Amino acid sequence: MNNDTLIPLIGVVTDIRQDTPDVKTFRVNALEGGKVFEHMPGQCAMLSIPGVGEGMFSITSSPTNKEFMEFSIKKCGCLTTWLHEMEVGQQITIRGPYGNYFPVETELKGKDLLFIAGGIGLAPLRSVINYVRDNRSNYGEVQIVYGSRSKDDLVDYQEIISEWQDDPNIQVNLTIDNPQEGWDGHVGFVPNYVKELNPSTNKTVLVCGPPIMIKFTLAGLKELGFTETQVYTTMELRMKCGVGKCGRCNIGHKYVCKDGPVFRFDQLDELPDEY
Amino acid sequence: MLKISADRLNDLFNRIASEQTLYIPVDHEPNTAEYRKYEDGMKLSESLNTVRSAKDFFFPQTENLAEFKVEGKNIEVKDIREESGDFVVFGVRACDARSFSILDKVFLSEPVDSFYKNRRDHGTIITMACTRPAETCFCTAFGIDPTTPEGDVAVFSDGKDYFFLDCTEKGKKFIESVSDMLEDGDTSELEAVREKTRGIMKKLPLAGLKTDSFGGDKLNELFNSPKWAELSESCLGCGTCTFVCPTCQCYDIRDFNTGNGIRRFRCWDSCMYSDFTKMAHGNPRISQLERFRQRFMHKLVYFPANNDGEFGCVGCGRCLSRCPVSMNIVKVMKTLEVK
Amino acid sequence: MQVNENFEPVIVAFCCNWCSYAGADLSGTNRLNYPANVKIIRVPCSCRVNPMFILRAFQRGADGVIICGCHPGDCHYTSGNYFTRRRITLLYSMLDFLGIERSRTRLEWVSAAEGAKFAAVMEQFVSDVKKLGPNRRLEDLRCRKQ
Amino acid sequence: MQEAMIKRAAQLLADGTVNRVMGWKRGEFVYDTTPAVFTTADELEKEFVCDDFTQANLSKYLVKESRKEGKILAFLKPCDTYSFNQLVKEHRIIRENVYVIGIPGGPKLDIEKIKAKGITGILSVENENYTLKIETLYGTETMPFYEAVSGKCSSCKSRKHVAYDELIGEDGEVLEPNRFDMVEKLENMTSQERYDFWRGELSKCIRCNACRNVCPACTCENCVFDNPKSGIDQKAAADSFEENMFHIIRAFHVAGRCTDCGECSRVCPQNIPLHLLNRKFIKDINELYGEYQAGADTTSKAPLNDYRADDCEPSVVHERGVE
């Protein structure tokens, strides 16, 4: 019988990084080394610990990374709590890649890009950012606006300050919600910061974060003169199969696992308001 | 057309059952027919249809997907799939026959569900034309002709004989395999029976049910209808409609620790259940209104939007007779339709 | 019924912390033997035993379940075992009603001083369940040892 | 009767005593009535129905409805008032927000019993001197009224309303039905026969949860069978054990609170006689701890929240009937 996507493969956790008090980044390899499968930026994978549960997570490493995949996971439920307690060497089951991806090879090519992320919302965008950095000549200006509750809650802070901020071809703007000792950067919510920065409206925007942040950011972008066709986001809902058959992650007739998770806002606008 | 006389039907059953597994609807209690594995002497039910649909044959209520052995940090995946044996399902009605093509659109679209396909490949569906439709029937609203059912082989009865018509390659092979038991028959009386049934279909209380107000292009207007609140207020949030429905195909995947390893299985799930979309950080469908709306929007709008206008309902009427509070797709359609 | 001489039943005993568990302890310190088939689960009071615990014990391979608590009137929490008595009576009656062999379930009052009684009760219960053979009517086939 | 109910409901809406009316709504056929809330006299006039087929117990809806703004009028049959009382006792229904009108009960008809006679294509059902005249697509059929009486009405325990603000029609008496007959019959079987009987019944279960969701005693905000932390949450019975587990635990959770309203068996799509499990508990409670009728009042102590120093021992189970 042919392989069935519901029967998972095995991956092994080869590195665990504590990013923030409640976010860890897990490096996953195939048993024989290398990656379990190839993916495109924005795609997801189903990870599971047999007996605990299975969940969909966005692949946070860039496809240009040929050695391993990474997942940045926030501790919030039963499965993620278990994952956070794992040690290096733990095997997990993995299947995928699932869903569509940011159109890095089509619509985004040659464009000036503005990434806006809040909290753990950086996870799916990090894949795109590093993809763009590794294919830098294909894209125009790149600006990243990233905010979190506090300095400690900035995911991938080390990579941001040591790699992204040093990259002369990228403009990085960080912000945190409240003033904090040892922080001399911007303080304030992401949507307001975006407005202050007043980015040029010829940029294409990729936004991900908590729903409330996305809502206000979109409103702010519209005020600045952006249209919905310029803004992409990525969604998440409860999923079981990952291939549009189990029937629970739909928004209208679109399945987030199969037709998403990446949507342009004008596409979302046509769908019923159920997310 | 080839036929067999009614008194020899069981001989045919015995013959089929000697070669492969045969399932037929039998009366468990009066008016509660269900499919059973055929054993010598079983009598074909005279009920119009089975309480549960025939989807179990291809999409069983629970089935194992894989097994895991967990030792320390190591996990071993065991593929436990086995090639299904050949089987025949006899006496499927036109509505249920159409439900298979609807399920096919879900399970056989890429990536193909190998569990479903395995059974589909090995199953032969023998349908039976209806002669006594019930008041709850409304298959004609979805373009189904109960006097000409789909399937691999269609069977028609004029009361005395059963006539066999092959509809697919698989059906043709099946008829060839039992052709020595069949003989050529005169279909003139059969035609009269079918004509009479068509006449009854036109007189059914739900014969006038219209689908014009529904379809993929009516997405937001139907979703935002204020009538969902009133329609859903009596809904208990149970899964009866879903589980008796021949086209409902949502499932859950769960793990069970047997003490000897982890078994991952899938089972039917219902969008009517409160935890269907529940996540660690919240639930996008918080009340029964959203869940109720999802079920009917799926059948009347989302499914047609994704499948060239084909509705996700076959009008079998099971939910009409089984819903504990008698709230069903017909009432939803009649309430929402644009008059 | 044919009795398999080699059959060793698995017995789950829910023992109240204050009396029966101490009773089991006493039977040990007095070097009284009770069958090794008995797996003791200590509970703060016999009324902690949710009917679900009993069913799950059967699901996961128990052939008999016994609940031991303080004698009526002696509950550490004043009245816990009185509630246990009603609850468990009704549950056992229901299991019996569903055709589960009634000798697979038992309740005994064993005080902290009754080490000998504990050993005798267990001896008797194990032998009763042995006669019944393995639990087949209330088992989960998936959990059967391979 | 229906006329009087509509008239009274309209009056109470008009004088502001209530702002909503809980009753039943007419359906597509003569028999498929749906519980519904009405807010205007016009709606009542058009859609309200109370006839031989309005079986559904409305009490459970009042858990939610009594927490909404304003007072709601509810029409309750005698058996429904027991469920209502029990829910008031458990502080699930806010009594002040409900105006109860007691209406005479059944016997109500069960369309399944008519269909079981092979009658199909049903267009209308008329009761003519306790003979049902049924018009169908295939001609007129007749059957005795009492052969179509629903299971829950055929062993009616009471025609007396135990809670009401006013009555339409006369109040009845508590009856002494033969409702424990089947339980007794089972008790007198051998253990193997009982096991076979219940395996046959419970194996039909499709875990649709209709019995749980309709049950007026099952009003937990989060059922143990839906709670992933319980370790026994299940969607479908993957093993026959789980069928047993679900029904034993569910019956146990409502033991001493179940009023024997019979809704569980009425709604079961697989016709499993689930009420027998509840009746077994009721019978045991009556025999072992004294007569008790859940919902008969709002003050008495529930048998499982109570005890006596001289209660019988569980060994009583071993001493009765047949093994």
Side-chain angles (χ1 to χ4, degrees), chain C residues 1 46-47 49-61 65-67 69 71-75 78-109 128 131-132 135-144, chain D residues 183 186-187 189-199 201-202 224-225 230-232 238-242 244-249 251-253 255-256 276-281 283-285 287-289 303-323:
Chain C
M1 195 193 297
S46 57
C47 80
V49 182
N50 186 321
M52 245 151 19
F53 296 178
I54 299 170
L55 296 185
R56 289 194 76 179
F58 282 121
Q59 176 184 27
R60 305 222 155 239
V65 174
I66 180 167
I67 296 167
H71 284 270
D74 291 347
C75 178
T78 318
S79 55
N81 54 1
Y82 284 128
F83 292 108
T84 309
R85 189 162 60 179
R86 281 203 170 186
R87 243 179 250 167
I88 298 302
T89 304
L90 290 180
L91 179 75
Y92 286 180
S93 176
M94 177 53 71
L95 293 181
D96 178 50
F97 188 60
L98 291 170
I100 314 303
E101 303 94 331
R102 51 179 72 161
S103 314
R104 289 197 193 280
T105 51
R106 186 170 300 185
L107 180 140
E108 287 289 342
W109 310 121
D128 288 352
K131 279 183 212 143
L132 286 174
N135 162 35
R136 290 286 175 256
R137 293 187 186 171
L138 200 54
E139 77 164 337
D140 191 322
L141 279 174
R142 298 171 297 178
C143 300
R144 195 184 274 193
Chain D
V183 176
L186 281 161
E187 283 172 346
M189 289 180 180
T190 66
S191 141
Q192 181 69 47
E193 285 168 340
R194 281 199 297 271
Y195 176 74
D196 293 341
F197 172 84
W198 283 111
R199 270 306 343 126
E201 292 296 344
L202 296 182
V224 66
F225 290 102
S230 74
I232 56 154
D239 186 274
S240 61
F241 173 84
E242 290 186 331
N244 286 329
M245 172 89 144
F246 176 76
H247 291 291
I248 296 172
I249 295 299
F252 192 86
H253 282 184
L276 293 177
L277 296 176
N278 302 319
R279 279 194 188 156
K280 169 65 179 166
F281 276 129
K283 184 169 179 283
D284 276 350
I285 288 169
E287 286 172 1
L288 302 173
Y289 310 120
L304 279 165
N305 290 347
D306 199 8
Y307 65 87
R308 284 169 53 139
D310 60 351
D311 277 341
C312 61
E313 295 293 328
S315 55
V316 70
V317 176
H318 297 243
E319 289 147 16
R320 309 182 297 196
V322 211
E323 160 75 66

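Note on naming: letters A, B, ... go to the chains in the order of the sequence lines (proteins, then strands), and numbering restarts at 1 for each one. Not measured: the values here are computed from a predicted model.
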**Spatial distance of atom CZ (F241(D)) from atom CG (L141(C)) [nearest 0.5 Å]** = 11.5 Å
**Item:** Spacing of CG belonging to L95(C) relative to CZ belonging to F252(D), to within rounding of 0.5 Å
**Value:** 10.0 Å
Engaged part of [X] at the chain C interface, taking heavy atoms whose separation is under 4.5 Å:
| X | result |
| --- | --- |
| S315(D) | neither |
| L288(D) | side chain |
| L304(D) | both |
| D196(D) | neither |
| D311(D) | both |
| V224(D) | side chain |

**Request:** Examine whether an atom of P51(C) lies under 4.5 Å from a heavy atom of chain D, and if so say whether it belongs to the side chain, the backbone or both; otherwise answer neither.
**Result:**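 Backbone plus side chain of P51(C), per the 4.5 Å heavy-atom cut-off to chain D.
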**Item:** Counterpart residues, salt bridge (charged side-chain N to carboxylate O under 4.0 Å, His left out), relative to E313(D) (two or more places apart)
**Value:**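 For E313(D) the salt bridge (charged side-chain N to carboxylate O under 4.0 Å, His left out) partners, ignoring immediate neighbours, are R85(C).
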**Fill in**
By salt bridge (charged side-chain N to carboxylate O under 4.0 Å, His left out), R87(C) pairs with (sequence neighbours left out) none
**Item:** Ring geometry between Y82(C) and Y307(D) (parallel below 30°, tilted from 30 to 60°, perpendicular above 60°)
**Value:**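 Correct class here is parallel.
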